[in-house]
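Input: a single structure, listed below in structure tokens.
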Amino acid sequence: MFTGIITDIGTIDRVEQRGDLRVIVATGYDMSGVDLGASIACSGVCLTVVDKGGDALGGWFAADVSGETLSRTAAGQWTDGAKLNLERALKLGEELGGHIVTGHVDGIGEVVSTTTEGGSLRVVIAAGPDIAPFVAPKGSITLDGVSLTVNSVEDEDDRVLVGINLIPHTAAVTTLGSLHAGSPINIEIDVLARYLKRMEHYRGR
């Protein structure tokens, strides 16, 4: 379980094909405090630490990415040099600064536009109609692992447009500051919205 508050930006140092794809991620985390088998969210994808190490120059961890995960996440995410928003799993008693995030991607969106609004960056993302029932203005959404507030929702025939605003701090400490039109992005809907949709389905039967 995660909160969507990013604590490091990692870089994929290399990838290895071992049946599944193994990614080795360079990180600023002190890996001596991370157990093998621990979960780390990588741009919104919950992965398991299967190897780790570190020295005076920094730490690294390895995780295996299955074919299923590859098919359900943003294109180009698992390549040499790719930047990843990292978050370690939430511990009981820690501050819940974002919202409850599971690390399971519900869909892949595409950035339609980015514009400056005051000191913030407004980003509009197009997602499929399967995402539309789960987003609402002032609700929560997770984009590439980052907990954000939905500012606008516009339904179209074959997609939904979701508008969010990035404050300068969020743009600086995550990969979202480098988004541009055409960028693919991992979307996780609010877990509460998922359950409400399920309840609505059964109430109408």
Side-chain angles (χ1 to χ4, degrees), residues 1-6 20-21 23 39-48 63-79 82-85 87 89-90 96 98-115 121-166 170 174-176 178-205:
M1 198 69 69
F2 307 93
T3 68
I5 303 299
I6 303 306
D20 286 332
L21 188 71
V23 294
S39 296
I40 296 179
C42 299
S43 287
V45 182
C46 178
L47 296 180
T48 300
D64 292 329
V65 183
S66 70
E68 173 73 6
T69 299
L70 288 172
S71 70
R72 291 182 175 272
T73 51
Q77 179 174 330
W78 311 110
T79 56
K83 301 292 185 181
L84 300 173
N85 294 317
E87 181 189 355
L90 178 66
L96 183 61
H99 71 283
I100 296 174
V101 175
T102 64
H104 300 153
V105 174
D106 294 298
I108 301 171
E110 181 178 313
V111 175
V112 174
S113 64
T114 60
T115 54
L121 182 69
R122 180 167 178 80
V123 182
V124 177
I125 294 155
D130 53 324
I131 297 294
F134 301 98
V135 290
K138 306 308 177 186
S140 296
I141 194 169
T142 307
L143 301 177
D144 273 358
V146 183
S147 172
L148 295 163
T149 299
V150 176
N151 283 342
S152 64
V153 177
E154 182 180 348
D155 292 305
E156 296 187 345
D157 289 340
D158 58 348
R159 64 179 186 173
V160 61
L161 299 179
V162 180
I164 58 99
N165 280 65
L166 297 176
T170 302
T174 71
T175 64
L176 300 187
S178 62
L179 291 175
H180 55 82
S183 295
I185 195 163
N186 295 324
I187 298 173
E188 180 183 330
I189 59 176
D190 187 349
V191 65
L192 296 178
R194 182 182 291 114
Y195 283 113
L196 286 171
K197 180 65 174 176
R198 182 67 171 168
M199 292 166 64
E200 179 186 44
H201 169 73
Y202 269 92
R203 187 166 57 243
R205 294 182 64 175

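Sequence positions, counted from 1, serve as the residue numbers for this chain. All of these numbers come straight from a predicted model, not from anything done at the bench.
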Item to complete: Scan residues 124-142 for pairs that pass side-chain hydrogen bond (donor to acceptor under 3.5 Å, both in side chains), counting only residues two or more places apart or in two chains.
Response: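 Matches after skipping sequence neighbours: H99-T142.
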What residues, two or more places apart in sequence or in another chain, satisfy side chain to side chain donor-acceptor pair (under 3.5 Å) together with [X]?
| X | value |
| --- | --- |
| T102 | E188 |
| T3 | E87 |
| D20 | none |
| N165 | E117, R122, N151 |

Within a strict 4.5 Å, meaning less than it, do heavy atoms of the [X] and [Y] side chains meet?
| X | Y | value |
| --- | --- | --- |
| L176 | I185 | yes |
| I189 | I131 | yes |
| V112 | R159 | yes |
| I40 | L47 | no |

Discussion item. Does atom CG (L161) have a neighbourhood of more than 12 heavy atoms from anything else shown, all under 6.0 Å?
Written reply: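 Correct, the count exceeds 12.
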Go through the structure and list residues passing side chain to side chain contact (heavy atoms under 4.5 Å, CB included) with [X], not counting sequence neighbours.
| X | answer |
| --- | --- |
| E110 | none |
| V105 | V45, T73, N186 |
| R72 | E68 |
| T170 | V146, L148, L166, I167, T174 |

Discussion item. As an exercise, state the distance from CD1 of I100 to CG of L192, rounded to the nearest 0.5 Å.
Written reply: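 It is 6.0 Å, given to the nearest 0.5 Å.
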Fill in: Sequence neighbours excluded, every pair satisfying salt bridge (charged side-chain N to carboxylate O under 4.0 Å, His left out) that has a member inside residues 139-154
none
Fill in: salt bridge (Lys or Arg N to Asp or Glu O under 4.0 Å) partners of D155, counting only residues at least two apart
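Expected list: none.
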Where [X] and [Y] come nearest, the two heavy atoms and their spacing:
| X | Y | value |
| --- | --- | --- |
| F2 | A41 | CE2-N, 3.5 Å |
| T79 | G76 | OG1-O, 2.9 Å |
| T175 | N85 | N-OD1, 2.9 Å |

Discussion item. Going by side-chain contact (heavy atoms from CB on, under 4.5 Å), I141 matches just one of D106, I125, I187, D190. Which one?
Written reply: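 Result for side-chain contact (heavy atoms from CB on, under 4.5 Å) with I141: I187.
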